[in-house]
Amino acid sequence: MPVRPPLPAYPSAMAKRNVEGDCVVRFNLTARGLPFDVTAECTPSGFESEARRSVSRAEFLPQIIDGQAQESRGLTYPLEFRLNEE
């Protein structure tokens with residue numbers, strides 16, 4: 001669960017071409033709730049850099065076991081890049 005959710009910026013090259021996309025971002029989480037080892041798979045791939053950047057800057061609630069925050073591995077976070085139609 002995000003405490004400070006990812007806030008991706010729409011890549012300008014993709015916006016100019018009116019391209020939308022979907023991403024699955026995979027990462028591990030420190031006991032402090034900070035993502036590391038962030039990777040992204042996006043369709044199309046032009047969104048991957050921004051997806052990685054935005055999740056890397058986010059903050060999540062860490063897993064708590066016996067009252068202690070734990071490092072977590074193998075987490076995923078979906079991101080959608082959609083153009084606003086007016």
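When all heavy atoms of Ala58 and Pro5 are compared, the pair lying nearest together is CB-C, 4.0 Å. Across all their heavy atoms, Cys23 and Ala51 have their closest contact at SG-CB, 4.0 Å. Pairing each heavy atom of Val38 with each of Arg52, the nearest pair is O-CD, 3.6 Å. In terms of heavy atoms, Pro8 sits closest to Leu79 at CG-CD2, 4.2 Å. Residues Pro11 and Gly46 approach most closely at CG-O, 4.1 Å, considering heavy atoms.
Judged by distance alone, with hydrogens and angles left aside, the side-chain atoms of Arg4 form a donor-acceptor pair with the main-chain N or O of Arg57 at under 3.5 Å.
Judged as a ring pair (Phe, Tyr, Trp, His ring centres under 6.0 Å), the pairs with a partner in residues 18-46 (not counting sequence neighbours) are, in order, Phe27-Phe60. Residue pairs meeting the ring pair (Phe, Tyr, Trp, His ring centres under 6.0 Å) criterion with at least one member in residues 1-25, sequence neighbours excluded: Tyr10-Phe47, Tyr10-Phe81.
Tyr77 and Val24 fall into different hydrophobic clusters, where Ile, Leu, Val, Met, Phe, Trp and Tyr side chains are chained together by heavy-atom contacts under 4.5 Å.
Contact check for Glu20 versus Glu80: no side-chain heavy atoms found under the 4.5 Å cut-off.
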Give every donor-acceptor pair under 3.5 Å between a side-chain atom in residues 64-75 and any protein atom, sequence neighbours left out.
| from | atom 1 | to | atom 2 | distance (Å) |
| --- | --- | --- | --- | --- |
| Gln70 | NE2 | Gln68 | O | 3.2 |
| Glu71 | OE2 | Arg73 | NE | 3.3 |
| Glu71 | OE2 | Arg73 | NH2 | 2.9 |

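For Glu48, there are no side-chain hydrogen bond (donor to acceptor under 3.5 Å, both in side chains) partners, not counting sequence neighbours. Ser12 meets the side-chain contact (heavy atoms from CB on, under 4.5 Å) test with no other residue; sequence neighbours excluded.
For CZ of Arg32, the number of neighbouring non-hydrogen atoms (other residues, nucleotides, ligands) closer than 6.0 Å is 12 at most.
Val3 belongs to a hydrophobic cluster whose other members, connected by ILVMFWY side-chain contacts under 4.5 Å either directly or through intermediates, are Met1, Leu61.
Evaluated for a side-chain contact (heavy atoms from CB on, under 4.5 Å) with Pro35, the options Thr30, Val25, Leu29, Asn28 yield exactly one hit, Leu29.
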